[in-house]
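Here is the structure we will look at, set down as C-alpha cells.
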Amino acid sequence: MRLGQFVMESGGAQVRVWGETDVLVVSAPLPGVLRVRLAPQARANGLSFPRLGEKRSFALRPDLPEAERLSVQEDGETLRVGGGGLTLHLNRVSGAWRVTENPDGKQERELTSVPDWNGDAPTARPALDAERFNLRRSRLSIDAPDGAAYLGFGERVGPLDKRGMHLTFWNTDCYPHHADTDPLYISVPFTTVVQGERAHGIFVDETWRMTADVARTNPNALDFASAGPELDVYVLAGPRPADVLRRYADLTGYSPMPPLWALGAAQSRWGYRTADDLRAVIQGYRERDLPLDSVYIDIEYMDAFKVWTVNRAGFPDLKAFVKEAAKEGVKLVPIIDPGIKAEPGYDVYEEALKNDYLVRTARGDVLVGEVWPDPAVFPDFTRPEVVAWWAARHKLFTDAGIQGQWNDMNEPACFSLALTDKGGARETEGKTLPYDALHGAHSHLEMHNVYANPMSQASRAGYAKYSPQIRPWIISRAGYAGIQRHATVWTGDNAATWSHLALSLPMIGGLGLSGIPFAAADVGGFGGDTTGELLARWYQAAVGYAFLRNHSAQGTADQEPWRFGEPYTSVIHAALELRYRLLPHLYTLAYGASRTGLPILRPLALHHAGDEDALRADSQYLLGQGLMVAPVMAAGHSKRQVYLPAGRWASVFNLAEFGAIHDGPAYVTADAPLHTLPLYLKAGEALPLTEPAAHTTQARWQRVTWLAHLGETGFVGHLYEDAGDGPTEGRFTRLVGDREGGTLSIRRETEGEAALPEQREVLHIIGLEPIREVHGAASFSYEDGVLRLTLPARWEEITVTWVE
Ligand code: GLC
C-alpha cells in the first residue's frame, strides 16, 4: 500500500497520510475517540486526492466541540498519531494499523487492530448494467479476538451477541420478519466489542449500502464491505460497555427528553378511521378504569392517503377532537408517511414538483412509485430546503394542538415502480427505490439508509417552530446512526406470536446498545390474531419498554385490553397500573438517557460485562441498573428460570410481593402464574414509585413510595421531576441511605427547582434484620423483613437501628 507522505493539518487536529493511490486521515473528535477515515483507491474512485473533501455526516451531532490536538511520531515504518488518550500505530508499508490506549500513562492496551483495508477502482464500462454497482467497493478487516462478543449494530433479530452473523445495512420494510431476517428497518453500523470485562466500540459512519461479516466467514475477522468509496471508522474507548455507549452518544448526540405522557399507555390500530372510532376507544378505557395517555391514528385519517390532509368526513373538526380527547387526559398521535400522492392539483405534490424537491430517476425524471398513495413521489429529505419545507407542513398538526407524530414507511418503502426505463438497472431490495435513483447529485445507494433521519429532523424542526413550548414526541420506523437526536423508534411490523414477544427484548436491547435509548415493539403483535394470554403476558413484558403502545394491523382480531374478557382484562389492568406506578423511575431513566445515552430497557450485558450468562440472558432485562424484569413469554407457562448476576437480589414480584433474597450469580426459578410479573431488586438500589392513575399529569409526584433494598453500604435512589413537558428545568433528588454496622441514616440531596408541591413520601426497606429503633419517621411498621416508614413533611434525617 505504501503511505509515504504525511502532513499535520487543521491546526494540529488532523493528520493526513497518503501514497500513490490511498489516503488515511486521523483525528480525535472527542477524548477517547479516534477517527480513521480510510479512502482506498481514492484517486481512481474520483475522490479529491490527496486531500479528501469534507464529508457530510448524518450521524454526528452538529455541535461537536473542537477536535483534540494530535501528536505525531515517526518510528521506522511506523507512524504514531496520538490524540484524546488514544494512539494510532500505522505501518506505512502495509497500511495495517492498530489503536491503543494508555490511560494511566504506563500500560499500553490494544483496543483494535486492522490488518487490511482496500478498495476497487471502478472499471471503465461494465458489460452488464447489474455490474454498475459494486457492493464491495471498499473493504476493511478488523481482528476479531477469540471470545469477543459484538453487541449493537442497530435493529437486528437473533441473540444480543452478533458474533457469527452476516449483517446488511439497508433499511428494509419487511413483513413479517422471522428469527433470522436481516436487514430490518434501522441501520446503525456501531458495535460494542466486549472482551472479558473490557469493552471498546467501533463505528463505521457510512450511509452507503454496507455489510458486516461478524466473525462468520473467518472466525477471527470482523469484515466490513461498503458500496461507497471510503470507510469512516471511529474507535471508541471503554473500559466498560456503558462508557462506550456514553462516548458514542457524545459523538452522535443525545435523545431529547420525552414528554411524560408519551411514557403512559398508548392505544393504536390500523383500522381506527374516524374521530368516533377514537372516542369509542377512549371511552372503552375510561369505562374500565384502564390508564390511557394517547391514541395513535393510522393512515385512514387522511384524505385518500394524501399526506398533510385530513379526511373531513371522519374528522369534521380535528382541533375540537384534540381538545375533547385532552379533557380525558389523552393525546392524539397521527401517522405521516413520506410518499406524496402524484395528483395534479394537490398542493403538496404541486409545490414539491415546482420546487424540484423530489427524488429523480437516473435519467432525470421524477421517480414515480407506489405506496399507500398510488402513484406516489418521494421528497428528497437529504436537502436542507426540503427539510425546511416539510417542517413548515407540520403547522397542520400544531394548529390543531397535536403534540406527537408517527413517521412511517421512511426506509423509504415503495411497493412498485413506474418503469420508464426498462433497460436500466433496477436492483431494489426490500421494496424500495432503485440504487441509481438520484437525491440531487447523490445516488440512492448512498442516501437510502439515511432517508428517515432528515425526515424526522423536519418533524422536530416543525414542532420547534410552531409549538416551541412543548416537547414533541416523534416516533420513526426507519433510521440511521444519529436517529436518536430526532426520533424514538419502534420495531416495525411484528406478529402476534410468542416468538415475537420473546424477540422484542433482544431487539429493543440491541437498539439501546446502538445508541437509541427510546425503542419499543408493538404490544400484542401487529400482524395476526393475538390471544388473551399472549396480550396479557406482552403487557407484563412491556412494563419496561421505553413506551407502551398496543398496535395491530387491519383485518386482525381486535386487541384492546378488554377484548378477551377475564382473567385477561384484570391481568392487563394490573400490568398497566404497574407501569404507572413505575413512572417516576421510568421518567428518571428517560432523563438519564437524554444526558448519558444509556437506554431505559437494558440488556444485562450493559452492566455485567465479563459475565457469559448475563450476555446470553436474552429473555430478561434490567430497568435501569438494579431492577430485573423477567417476564413469562411462553404459552401456558407459570414458572420460568431467571438469571441473577453478581449481587444480592430481593424478589419484588408485581412490586407488591416481597419474598426471597438470592445471592447471585445464580439461576433461580420464579413462580409466575398469569397475574405475576417476576421482578428482582438489587441490594443497594432504591426505586421511586407512585400511585397508579388514569393518565399522567405532571412529573411532580404527590405521592412517592421509595422501594429500597439495603446493601452492604446502604442504598441510593434517584428521582427527576419537572412539569412533564416543556423545558427540563426540574428537580433532581438523590435518596441516600448510609449504613454503618447496624445503623442506617437516610437523607435526601436535591438540586434544582425548589417550588415543588408537598409530597407524601413512604419508604419501604427490604433486607433489614429485626428493628430496634427508628428516629425521624412519622410512623413505621415492620413485618416479614420489610420496614415501612411514613416520612413527615420536610424531613431531614431518619435513622434506623437494628439487631445485627
Ligand atoms: C406499516 C406500519 C404499521 C402501520 C401500517 C399502515 O405497516 O409499520 O405500523 O399500521 O403501515 O399505516
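In each ligand, atom 1 is the first atom listed, and ligand 1 is the first ligand listed. Keep in mind that the numbers below use all heavy atoms, side chains included, and drop hydrogens, waters and symmetry copies.
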Yes or no on salt bridge (charged side-chain N to carboxylate O under 4.0 Å, His left out) for Lys341 and Asp374, after CA distance, side-chain angles and deciding distance?
CA-CA 6 Å; Lys341 185 157 193 180; Asp374 181 25; over 6 Å; no

Applied to residues 394-404, the salt bridge (Lys or Arg N to Asp or Glu O under 4.0 Å) test, sequence neighbours excluded, yields Lys395-Asp399

Is there any salt bridge (Lys or Arg N to Asp or Glu O under 4.0 Å) pair reaching into residues 541-554, and which pairs are they, with sequence neighbours excluded?
Asp522-Arg549

How would you list, by chain and number, the residues with a heavy atom under 4.0 angstrom from ligand 1?
Trp270, Asp298, Ile299, Ile335, Trp372, Trp406, Asp408, Met409, Arg477, Trp490, Asp493, Phe526, His551

Test side-chain contact (heavy atoms from CB on, under 4.5 Å) applied to Lys162 - qualifying residues, sequence neighbours left out:
Phe153, Arg156, Met165, Leu167

Any salt bridge linking Asp347 with Arg393? Criterion: basic side-chain nitrogen under 4.0 Å from a carboxylate oxygen.
yes

One thing to verify: whether Glu560 and Arg563 come together as a salt bridge, which I'm taking to mean a side-chain N less than 4.0 angstrom from a carboxylate O.
yes

